[in-house]
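Quick caveat, the model's predicted, so the values are computed rather than measured.
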Number of protein chains: 2
Amino acid sequence: MNPSRPRIPEATVARLAVYLRVLGGLADSGRSSVSSGELAGAAGVNPAGLRKDLSHLGPCGVRGVGYDVAGLRDRIARVLGVERSRACVLVGLGNLGSALADYAGFGSRGFEFVGLFDSSPERIGQDIGGRPVRPLTELDEVVATTSATIGVIATPAEVAQSVCDRLTAAGVRSILNFAPVTLAAPAGVDVRQVDLSVELQVLAFLDTSRDSDDVVRVPALGGMS
Amino acid sequence: MNPSRPRIPEATVARLAVYLRVLGGLADSGRSSVSSGELAGAAGVNPAGLRKDLSHLGPCGVRGVGYDVAGLRDRIARVLGVERSRACVLVGLGNLGSALADYAGFGSRGFEFVGLFDSSPERIGQDIGGRPVRPLTELDEVVATTSATIGVIATPAEVAQSVCDRLTAAGVRSILNFAPVTLAAPAGVDVRQVDLSVELQVLAFLDTSRDSDDVVRVPALGGMS
DNA sequence: GCGTGTGAAGCGGTTCACAGCA
DNA sequence: TGCTGTGAACCGCTTCACACGC
C-alpha cells in the first residue's frame, strides 16, 4: 500500500534531494512541467537514471508529456520527510558551526535549528542567526521538549565522540558529523560524515593522476576531416 | 613500473584519505605498527576491504605482522599527492568561506590557501586566517603566479557558475563546490559537490523510514543467555 | 600461527533498449 | 509521435575464503 516501503537505494535518495532543489527553482520561475531530459540536465545526471530513480516513488509523470513540477516536488518532499520543517540541534559554534547556524538555506529546505550548544563560556549567551547559544547541560531538556531527532556536530575532533554519546543519550537518532573522526554510535542511529579534508584530498588525487596521464595523453587530434 | 597507474577506484581513494587521517593520529601517539583489523576498526570499514584498498598501492604490509604506521602513511600521502603542500584558492568569504579559510585542519593535511577572493567591497582587504581578501579581478594573476590547481567555491548559488567559469579560465583544474547548484565545467576539470542540505535531507529520509519500520521492529530481545 | 594479499563469487547500481500510453 | 516506465544486460565495488609468507 505504501509505495516507498520496498526500500529506496541511498544513492537514489541523495539524488532525489538534488531533484527537489532543481524543481524548487523551476517552480519559482513559473514552470509547470518538465521532461526527464531537461530535469536530468539541470541535475547533472543521465535521463534514464533519473526516470529509474523516480520509478521508486511509483508512476509520477505523464507519458509523452513529462512531469508536473509542483506535484513532483511535493511528492519527493513527502518521501524524504521534509514536507514540514524538522527540528535539529547543532553542537559546536566555532567558525563552521556558526556558518551552519546562520545558513538560510536550511530553513527553506525543511530544517530548523531549535537548539545551538557549546561548552565554551564565552560563546554561551551569544546570538547566532537569531538564536541563543546554550550550555551543553541543557541538551537533554531541549531535545525532549522539541522532539528533535537530528543532531549536527561541528566541534573539534577531540570532543566529537563524547558529543555524539550525549546526543544519542538524549534521544537523537540521526547525526551529521563535520569533525574529522569516525564516530561510533549505537545500532539504530544513523551517522553521516562530511570530511572537508577528505574531499580536498580526493581532488588532489584526481589532479595528480590527471597530470601523470598527460604524459601519455592521446595526441590524436590532427584537424578534423 | 608505477603501481598506481592501473587506476584506483574513487571509492577507494576516499577511504585512503580516511586511513591517512587515522594513521596520522596513530603516528602522533607513538604507534609504529598496526594490523588491518585495528586500522579498519578505527576507520569504520571492513578489514578485508581495507586490505583490498591497500592492495591497489602494491604490497605494503608484512604478512603475519601488519603495517608500518609511518611508512604506510607516507605512501598513501604520496599516492594522493599530498606529500607536499598544494596551493588552493577560495572564492566567497561569507560565513562558510571564512570558516574554511580559518580551518587549521587543511594546513596540516597538505593544503594551503594562497588566495582568498570576494567581490563584496566591504570584505576586500579584511584579514581572514592571516590572509587578505582580494578582489576577484586578481584571480588570474594569483592562479598564474602560485600555480594553484584547486579552487573552492563558497559563494551564493546565483554566482557560483560564473565563478566556476572564471576559475577554469584562470587554469584551475579541480573544484570543490559548496554552493547548492550543479556546475557545468569543461571536460578535464573535476568538480566535487558538497551540498549540506542534501546531507540533511538524506538523514531526514533515514529518520522517516526508520520510524515507519518501527511498527514492524523485531521484538526479539529476551535477555542474553 | 598469524595477518597480509588476492582470485572468485556475490551484490547493487547504472545504462541500455524498448514496450506502453497519452 | 513523444516521453515515461521498466525489464535485462552491464559494470564496478564489496565480501568472502583461502593461499602465501613471515
Side-chain angles (χ1 to χ4, degrees), chain A residues 3-4 6-19 22-23 26 31-69 71-73 75-76 79 198 202 205-206 209, chain B residues 3-4 6-19 22-23 26 31-73 75-76 79 182 198 202 205-206 209:
Chain A
S4 73
R7 182 177 158 277
I8 302 179
E10 194 164 311
T12 293
V13 173
R15 284 189 299 264
L16 286 176
V18 175
Y19 307 153
V22 176
L23 287 165
L26 288 171
R31 289 288 301 276
S32 65
S33 167
V34 256
S35 68
S36 64
E38 186 179 356
L39 190 51
V45 302
N46 177 308
L50 179 138
R51 293 199 300 274
K52 171 80 71 183
D53 285 338
L54 295 183
S55 75
H56 287 104
L57 322 183
C60 43
V62 181
R63 294 182 193 229
V65 179
Y67 300 92
D68 177 68
V69 171
L72 183 55
R73 178 198 55 188
R75 183 150 184 182
I76 292 177
V79 170
V198 169
V202 172
F205 171 79
L206 296 172
S209 53
Chain B
S4 74
R7 182 178 158 276
I8 303 179
E10 193 163 314
T12 292
V13 172
R15 284 188 299 263
L16 286 176
V18 176
Y19 307 153
V22 176
L23 287 165
L26 288 171
R31 288 288 301 278
S32 65
S33 166
V34 255
S35 67
S36 64
E38 187 179 356
L39 190 50
V45 302
N46 178 308
L50 179 139
R51 293 199 300 275
K52 174 73 91 182
D53 284 339
L54 295 183
S55 75
H56 288 105
L57 322 182
C60 44
V62 181
R63 293 181 191 232
V65 179
Y67 301 91
D68 177 68
V69 171
L72 184 56
R73 178 198 56 187
R75 183 150 187 183
I76 293 177
V79 170
T182 304
V198 169
V202 172
F205 171 79
L206 295 172
S209 54

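The side-chain contact (heavy atoms from CB on, under 4.5 Å) test with A:Tyr67 singles out one residue from A:Arg75, A:Glu38, A:Arg51, and that residue is A:Arg51.
Minimum atom distance to the side chain of A:Ser55 is reached by D:dT6, of the listed C:dT14, D:dT6, C:dT15. Of the candidate nucleotides C:dT15, D:dG5, C:dT4, C:dT4 has the atom lying nearest to any side-chain atom of B:Ser36. Here the side chain of A:Lys52 is nearest to one of C:dA17, D:dA8, C:dG13, namely D:dA8. Checking C:dT4, C:dA17, C:dC16 against the side-chain heavy atoms of A:Arg51 singles out C:dA17 as nearest.
Toward the 5' end of DNA chain C, the nearer of the two residues B:Gly64 and A:Gly49, judged by each one's closest nucleotide, is B:Gly64.
The NE2 atom of B:His56 sits 11 Å away from the C1' atom of D:dT14 (whole-angstrom rounding). Distance, B:Glu10 CD to D:dG12 C1': 13 Å, rounded to whole Å. Between B:Asp68 atom CG and C:dT4 atom P the separation is 13 Å, expressed in whole Å. In this structure, B:Leu72 atom CG and C:dT4 atom C1' are separated by 12 Å, rounded to whole Å. Counting to the nearest Å, the P atom of C:dT4 and the CG atom of B:Asp53 are 14 Å from each other. Rounded to whole Å, the distance from CD1 on B:Ile8 to P on D:dC13 is 12 Å. When the P atom of C:dC2 is taken as reference, atom CD of B:Glu38 falls 17 Å away, rounded to whole Å. In this structure, A:Leu50 places its CG atom 12 Å from P of C:dT15, rounding to the nearest Å.
Taken from OG1 in B:Thr12 to CZ in B:Arg7, the straight-line distance is 9.0 Å, to the nearest 0.5 Å. For the atom pair CG (B:Leu50) and OH (B:Tyr19), the distance works out to 4.0 Å, reported to the nearest 0.5 Å.
B:Arg7 has a side-chain polar atom (N or O) that falls below the 4.0 Å cut-off from OP1 or OP2 of D:dC13.
The shortest non-hydrogen separation linking B:Ala43 to B:Val18 is CB-CG1, 4.0 Å.
Annotation: side chain of A:Asp68 is not in contact with side chain of A:Val62 (no heavy-atom distance under 4.5 Å).
Scanning atom types as modelled, no donor and acceptor separated by under 3.5 angstrom connect the side chain of A:Arg63 and the base of D:dG5.
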